[in-house]
Structure formats: C-alpha cells, structure tokens
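Here's the structure, in structure tokens; my notes come after.
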Amino acid sequence: MSKNNAMASKKEFLKSLSIFSTLTDAEIFKLSDISDEFTYKNGEYIFYEGDSPDWLCIVKEGNVKVLKQQEEGKETILRIFKLGEIFGAMPVFDRRPYPASSISMGQTAILKIYYTDCLEFFGKRPDITIKLIGDIGKMQREFVDKFNVSLTTRVEHRIASTLMNLASKVNVEGRQNIELHLTRKDIASMVGTTIETTIRIMSRFQKDGIIESKKGYITILKPDMLSKLAGDIEDE
C-alpha cells in the first residue's frame with residue numbers, strides 16, 4: 001500500500017461523481033483536501049473485518065471485493081465495488097466495527113476520508129448524506145435479494161445472474177464485457193457454491209457459446225440467453 005497526494009486529479013475525480021454533483025467548487029476543494037489517496041497491489045487488504053471504522057472509502061481506480069471469512073478458510077464475496085462507488089460508509093456513521101473485509105482486485109486506488117472529517121463535512125450537506133443513505137439502503141436491499149435468490153434458485157441461475165450484474169454496457173457487437181479479473185473461486189464465493197460446480201457450469205456456458213473466458217476475463221457473447229438463464233426461475 002502506498003499514499004498518493006495528487007490534489008488536481010482528486011478534485012476532478014470527485015467532481016465527476018454524481019453524488020457530489022451539487023457541491024460548489026469550494027466544497028469539492030475541501031472534500032479533496034480531506035481525502036487521502038492510497039494505492040494497493042492486487043490482493044491487498046484495505047481494511048479487515050472487526051477493524052475500527054475509521055475511514056469512508058471511494059474507489060478511484062480498479063475494483064474492491066468485500067467478503068466474509070469463516071474459520072475453516074471459506075470466504076463469501078458479498079459485493080464488488082467498482083469505479084466511483086463508496087464503501088465502508090455504514091460503519092463510519094454507526095461507529096461499529098467493519099462487518100466484513102475489503103480486498104483490492106488488481107491495481108487499485110482508494111480515496112479515504114477520516115471519519116471525523118467525514119461526519120463534519122456531510123453534516124453540513126444533509127442532501128449529500130441523504131443520497132449516501134439511499135445508496136446504503138439500496139445495497140442492503142440487493143444483499144437481501146441475493147440471499148433470497150440463494151435460497152430459492154438453482155446454482156446455474158445464480159451464476160448467470162451474477163455475471164449479468166457484473167457486466168458492462170453492451171458494445172457495438174452486442175457483447176458485454178466483465179472488466180474484472182475473476183477466478184472461478186471468486187464466482188463460487190459470490191454465489192455460495194463450490195469451485196467444482198462453478199467450473200462445471202461455466203464450462204457449459206462456454207461450450208454453448210454463451211460466454212467466452214480468456215485469462216480470467218469474461219465476455220458475454222449472448223447476453224439475451226444469459227439473461228434468460230438468470231431470470232427463468234419459474235421453469236425450475
């Protein structure tokens with residue numbers, strides 16, 4: 001982990017985020033001033049489950065996976081945060097330890113705001129706080145929906161749904177890219193199944209021409225078919 005103090009790029013980045021779109025230039029400068037930028041290599045911990053909730057974090061570059069680890073070494077990926085997304089906010093506000101760990105995926109840059117600065121800044125802009133609370137509520141709803149799906153649907157549906165949720169916009173060829181380096185273990189951890197089952201289902205998707213996987217990067221060749229697999233729950 002290393003620290004970077006490129007003020008200009010921080011201001012431009014923060015100003016580009018929709019949650020901060022109503023801030024004045026002076027407020028953006030203040031937010032940039034209280035934000036520290038850290039860079040992480042692939043697989044480094046940003047914070048551990050149980051750590052003191054000292055930092056609100058924003059993904060400036062790369063991706064971050066948030067996960068729960070069990071005693072036997074098994075891990076469950078709760079969510080992957082992408083460029084511009086905020087994580088670690090709820091613990092900062094309720095002052096309870098981080099409920100899960102966060103790990104960088106590839107080369108990653110994170111803006112961190114210390115909790116006292118965070119509370120002071122957002123306290124002066126309740127409209128931004130409301131947006132942030134709304135985002136937290138949306139993430140909690142997604143988690144509950146994911147949990148319900150895990151109880152009621154087959155593994156192939158969960159994998160298909162996960163791939164669709166991770167996919168970027170459709171490109172000119174009608175394909176969708178997942179711009180994350182995902183291992184089969186990562187996918188298994190996200191859907192709550194074994195690596196062996198994940199390999200089997202992903203291999204079938206690839207054989208059927210639905211996806212293409214090269215060097216850990218996945219391209220969805222037939223988004224409509226994968227979407228049908230993700231949503232075709234009633235037929236089971």
I'd like to know if the side chain of [X] and the backbone of [Y] have a donor-acceptor N/O pair within less than 3.5 Å.
X	Y	value
Asn165	Thr162	no
Ser161	His157	no
Arg96	Pro91	no
Ser35	Leu31	yes

To the nearest 0.5 angstrom, please state how far the [atom1] atom of [X] sits from the [atom2] atom of [Y].
X	Y	atom1	atom2	answer
Ile211	Ile159	CD1	CD1	9.0 Å
Leu182	Lys65	CG	NZ	8.5 Å
Ile19	Ile128	CD1	CD1	6.5 Å
Ile187	Leu163	CD1	CG	5.5 Å
Ser189	Leu78	OG	CG	10.0 Å
Glu212	Asn177	CD	CG	9.5 Å

Classify the angle between the aromatic ring planes of Phe38 and Tyr40 as parallel (below 30°), tilted (30 to 60°) or perpendicular (above 60°). tilted
When the ring planes of Phe122 and Phe20 are compared, do they come out parallel, tilted or perpendicular, using 30° and 60° as the limits? tilted
Is any side-chain heavy atom of [X] closer than 4.5 Å to a side-chain heavy atom of [Y]?
X	Y	result
Val59	Leu111	no
Ile218	Met202	yes
Arg184	Glu196	no
Lys112	Cys118	no
Val92	Trp55	no
Ser21	Lys131	yes
Leu226	Phe205	yes

Before you tell me yes or no, could you show the steps for Thr76 and Leu67 under side chain to side chain contact (heavy atoms under 4.5 Å, CB included), namely the whole-Å CA-CA distance, both residues' side-chain angles and the distance that decides it to 0.1 Å? CA-CA 5 Å; Thr76 299; Leu67 53 84; over 6 Å; no
For Lys10 and Glu37: C-alpha separation, side-chain torsions, deciding distance, then whether salt bridge (charged side-chain N to carboxylate O under 4.0 Å, His left out) applies. CA-CA 8 Å; Lys10 283 197 297 180; Glu37 182 174 341; over 6 Å; no
Run the side-chain donor-acceptor check on residues 100-108: report pairs under 3.5 Å with partners two or more places apart or on a different chain.
| unit_1 | atom_1 | unit_2 | atom_2 | d |
| --- | --- | --- | --- | --- |
| Ser101 | OG | Glu49 | N | 2.8 |
| Ser102 | OG | Phe47 | N | 3.2 |
| Ser104 | OG | Lys41 | O | 2.5 |
| Ser104 | OG | Gly43 | N | 3.2 |
| Ser104 | OG | Glu44 | N | 3.0 |
| Ser104 | OG | Glu44 | O | 3.4 |
| Thr108 | OG1 | Asn63 | O | 3.3 |
| Thr108 | OG1 | Gly106 | O | 3.0 |

Does a donor on one side chain and an acceptor on the other come within less than 3.5 Å for Asp186 and Thr183?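 Yes, side-chain donor-acceptor contact under 3.5 Å.
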Are side-chain N/O atoms of Thr194 and Thr197 paired as donor and acceptor at under 3.5 Å?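 A pair is found: one side chain offers a donor N or O, the other an acceptor, under 3.5 Å apart.
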Would Tyr217 and Leu180 satisfy side chain to side chain contact (heavy atoms under 4.5 Å, CB included), going step by step from the backbone distance to the final call? CA-CA 6 Å; Tyr217 291 93; Leu180 297 168; 5.8 Å; no
Residues Glu75 and Lys68 bridged, charged N to O under 4.0 Å: no
Of all residues at least two apart in sequence or in a different chain, which pass the salt bridge (Lys or Arg N to Asp or Glu O under 4.0 Å) check with Lys30?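 Lys30 satisfies salt bridge (Lys or Arg N to Asp or Glu O under 4.0 Å) with no residue once adjacent residues are dropped.
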With Glu85 as reference, evaluate Lys138, Arg79, Lys60 under the salt bridge (charged side-chain N to carboxylate O under 4.0 Å, His left out) test and give the passing residue.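 Single pass found, and it is Arg79.
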Taking Leu83 as the starting point, is it possible to reach Ile58 by hopping between hydrophobic residues whose side chains are less than 4.5 Å apart? yes
With the 4.5 Å side-chain cut-off for hydrophobic clustering, are Ile199 and Val155 part of the same group?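 No, it is not one cluster - the side chains of Ile199 and Val155 are not joined through contacts under 4.5 Å.
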Please evaluate residues Tyr114 and Ile34 with respect to the criterion side chain to side chain contact (heavy atoms under 4.5 Å, CB included), reporting the C-alpha separation (whole Å), side-chain torsions for both, the decisive distance (0.1 Å), and the verdict. CA-CA 8 Å; Tyr114 195 63; Ile34 63 175; over 6 Å; no
Could you check Glu120 against Lys124 for salt bridge (charged side-chain N to carboxylate O under 4.0 Å, His left out), going step by step and ending with a plain yes or no? CA-CA 7 Å; Glu120 180 182 358; Lys124 295 177 181 177; 3.7 Å; yes
Between Phe29 and Lys11, is there a cation-pi geometry (under 6.0 Å to ring centre, at most 45° from the normal)? no
Does the pair Thr129 and Ile133 meet the rule for a side chain to side chain contact (heavy atoms under 4.5 Å, CB included), with working shown? CA-CA 6 Å; Thr129 305; Ile133 292 173; 4.0 Å; yes
